[in-house]
Amino acid sequence: MDTESTHSGYSYHSSRSGRSNRHGDRSRERHKASSSKDSSRSERSVVINPPDTPSQDSPVHNGEPLPGEPTLAADHGDEGQDDNWGETTTAVTGTSELSVSQEEVVGLGKGIQDRTQGFRRYLPLAVGLCVGLVVVATPLVFLLLPAIMWPDRLEACGAACEGLFLSISFKLLILLIAIWALFLRPGCASLPRVCVYRAFLTTLTLLLTMSYWLFYGVRILDAQDEDYHGVVQFAVSLVDSQLFVHYLAVVLLELRHLQPCYSMCVIRSTDGETRHYNIGQLSIQRAALSILEYYYRDFPLHNPALLSASKHRAAKHLAGLKVYNVDAPGNTAGAQPGNGNQSRAMVASATKHKDSAHNELYYEEADYERRVRKRRARLVVAVEEAFTHVRRMKKEDERATPSDIMDVREAALAIFPSMARALQKYLRTTRRQHCHSMENIQKHLAFCLINNMSPKAFLEAYLAPGPTLQYGPERWMADQWTLVSDASVTGGIKEGTEFLMRCLDFSLAITVKSIPYIRLTEEYIDPKSHKFILLLQSETSV
């Protein structure tokens with residue numbers, strides 16, 4: 001490390017490397033000659049020359065200059081140093097064996113984040129599984145402990161006791177299925193905070209089980225109760241209590257929010273796409289999760305390419321504006337009247353261009369709609385011709401031998417080139433070419449041919465943007481959302497609540513409004529009031 005630091009601090013410039021190398025060779029030859037004469041005295045010798053000797057170089061130690069003394073090569077280098085020394089300087093530095101690249105650091109952080117997310121995803125499921133096992137196993141343990149610890153002193157179990165065995169068996173089976181259906185479902189999302197109702201139900205279940213265990217330990221285990229029928233009834237009462245707790249869980253988790261109470265307005269920040277949804281009494285984080293489920297189902301796919309046109313038009317408009325400061329110091333516009341008139345004319349032209357911006361927008365949108373209609377017509381014709389060709393081939397295959405019949409996927413690959421160019425141009429015009437890959441288009445075409453769909457059914461997926469779930473997850477551009485709220489996310493929503501759902505490229509602004517109380521009144525109309533009599537006179541011409 002000392003050698004590396006010495007070379008790094010006294011590196012030579014490449015512009016004078018040739019002369020310094022030749023000078024170093026001559027000094028090493030003279031040093032070898034002098035050291036060969038004194039080799040009998042010492043192998044490592046230090047030759048110190050007087051500073052006023054013109055024929056000798058600077059002091060050397062084993063062929064290398066001492067750090068504190070200037071060298072002749074350095075003197076020559078100061079005279080011939082070029083201006084580009086920063087680009088031609090070479091330094092020898094050391095490299096640590098424990099160095100870590102930036103990519104490795106990013107990968108390490110991503111791995112830790114993935115493990116944390118996986119832990120948070122499966123933690124509620126693991127807790128629910130453990131609580132469910134405790135709930136189901138406790139009544140069985142209550143029945144088995146007396147038969148194991150003091151079987152000789154237990155009273156005989158009669159018909160009523162055996163009937164309770166049958167009752168507790170079916171109740172435990174029903175409870176086990178209910179726990180599996182309600183609590184052991186795989187989670188579809190990870191919330192930032194714990195659900196209050198789930199935590200309350202889990203705590204209540206554990207308190208109930210611990211209370212029964214305490215009573216069982218004091219009154220049955222310590223006293224070694226001989227009435228086995230009473231032990232069985234005690235276990236049945238525990239199962240009944242657990243069934244009521246499960247009923248409470250169904251009410252709080254599944255039934256309470258079914259009644260609509262609030263109307264939520266969801267606005268996408270980039271293009272202003274708006275939807276309205278009615279929801280019940282939920283916490284902010286649960287309401288945000290419901291909004292995301294509605295978003296992926298109802299909102300069209302977010303397409304940033306459609307926003308680039310307006311940005312390009314705004315940049316073009318700003319580039320056409322030129323402003324001149326005629327009062328700036330050093331400006332000779334006052335001495336030259338022609339320049340002042342030219343500046344005023346250019347400012348007037350820019351103002352006129354600003355006033356005609358709406359005309360440019362109108363004609364630009366009209367031209368865009370015309371090109372879209374033109375591409376769409378070509379695409380519809382190409383797809384109809386391809387499907388007609390497939391139907392004709394299908395009729396020919398009915399008369400052909402089984403060995404010559406073409407598979408549906410082969411037929412899709414055969415007719416796809418005839419419509420590929422028109423489809424590609426249409427998708428480029430509508431700026432949705434990144435949403436559909438060639439493989440997905442071929443799969444969709446084969447699906448339509450297998451199910452005998454019409455050309456219009458095939459084109460429906462490409463003529464209009466579909467919901468976000470219609471496309472693959474790689475096209476969603478939002479796999480992680482951030483909930484931004486002033487209030488606590490575990491609190492319930494109410495009138496005027498506002499929060500934000502933010503992802504990588506855009507955000508969803510949600511505003512909550514209460515559904516007004518609707519009062520209906522009844523007005524009774526007597527059926528006899530609708531009757532009337534038509535009197536016809538004999539003089540009429542009817």
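Predicted model, so just to flag it, every value in this text is computed and none were measured.
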Starting at [atom1] of [X], measure out to [atom2] of [Y] and round the result to the nearest 0.5 Å.
X	Y	atom1	atom2	answer
Asp298	Glu273	CG	CD	10.5 Å
Leu445	Asn440	CG	CG	12.5 Å
Asp225	Phe234	CG	CZ	11.0 Å
Cys157	Leu164	SG	CG	7.5 Å
Ile267	Leu508	CD1	CG	10.0 Å
Leu143	Leu145	CG	CG	9.5 Å

[X] side chain vs [Y] backbone, donor-acceptor pair below 3.5 Å:
X	Y	value
His436	Tyr462	no
Thr138	Val135	no
Thr274	Gly272	yes
Glu495	Ser514	yes

message: Run Thr203 and Leu206 through side chain to side chain contact (heavy atoms under 4.5 Å, CB included) and show every step you take.
response: CA-CA 5 Å; Thr203 306; Leu206 293 177; 5.9 Å; no
task: Tell me whether the centres of the aromatic rings in Tyr212 and Phe142 are closer together than 6.0 Å.
output: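 Ring centroids of Tyr212 and Phe142 are no less than 6.0 Å from each other.
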query: Between Phe506 and Trp481, is the ring centre distance below 6.0 Å?
result: yes
message: Run Leu301 and Gln470 through side chain to side chain contact (heavy atoms under 4.5 Å, CB included) and show every step you take.
response: CA-CA 9 Å; Leu301 181 67; Gln470 180 181 345; over 6 Å; no
- prompt: Taking the side chain as C-beta and beyond, is there a heavy-atom pair between Ile279 and Ile493 under 4.5 Å?
  reply: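 Sidechains of Ile493 and Ile279: in contact.
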message: Do Leu248 and Phe200 have side chains that approach each other closer than 4.5 Å (heavy atoms only, starting at C-beta)?
response: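 Yes, close enough: below the 4.5 Å cut-off.
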Does [atom1] belonging to [X] count more than 12 external heavy atoms closer than 6.0 Å?
X	atom1	answer
Arg219	CZ	no
Arg502	CZ	no
Asn451	CG	yes
Arg375	CZ	yes
Arg432	CZ	yes
Phe165	CZ	yes
Tyr197	OH	no
Arg428	CZ	no

Minimum heavy-atom distance [X]-[Y], with the two atoms named:
X	Y	value
Leu282	Ser290	CD1-OG, 3.9 Å
Leu140	Leu172	CD2-CD1, 3.7 Å
Pro192	Val489	CG-CG2, 4.4 Å
Ser263	Ile515	N-CG1, 4.0 Å
Tyr216	Val141	OH-O, 4.2 Å
Pro455	Val383	CB-CG1, 3.8 Å

- request: Keeping to residues at least two apart or across chains, list the salt bridge (charged side-chain N to carboxylate O under 4.0 Å, His left out) pairs with something in residues 230-258.
  value: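 Listed once each, the pairs are Lys171-Asp240, Arg185-Glu254.
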query: Taking the inter-plane angle between the rings of Phe387 and Phe458 on a 0 to 90° scale, is it parallel (under 30°), tilted (30 to 60°) or perpendicular (over 60°)?
result: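 Ring orientation, 0 to 90° scale: tilted.
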query: Between His444 and Phe447, what is the ring plane arrangement, given parallel below 30°, perpendicular above 60°, and tilted in between?
result: parallel
- request: Would you please test Leu459 and Val380 for side chain to side chain contact (heavy atoms under 4.5 Å, CB included) and show each step?
  value: CA-CA 8 Å; Leu459 289 172; Val380 170; 3.8 Å; yes
field: Worked check of side chain to side chain contact (heavy atoms under 4.5 Å, CB included) between Phe183 and Leu253
entry: CA-CA 10 Å; Phe183 293 102; Leu253 299 179; 4.1 Å; yes
query: Is Lys456 salt-bridged to Glu460, going by a charged N under 4.0 Å from an acidic O?
result: no
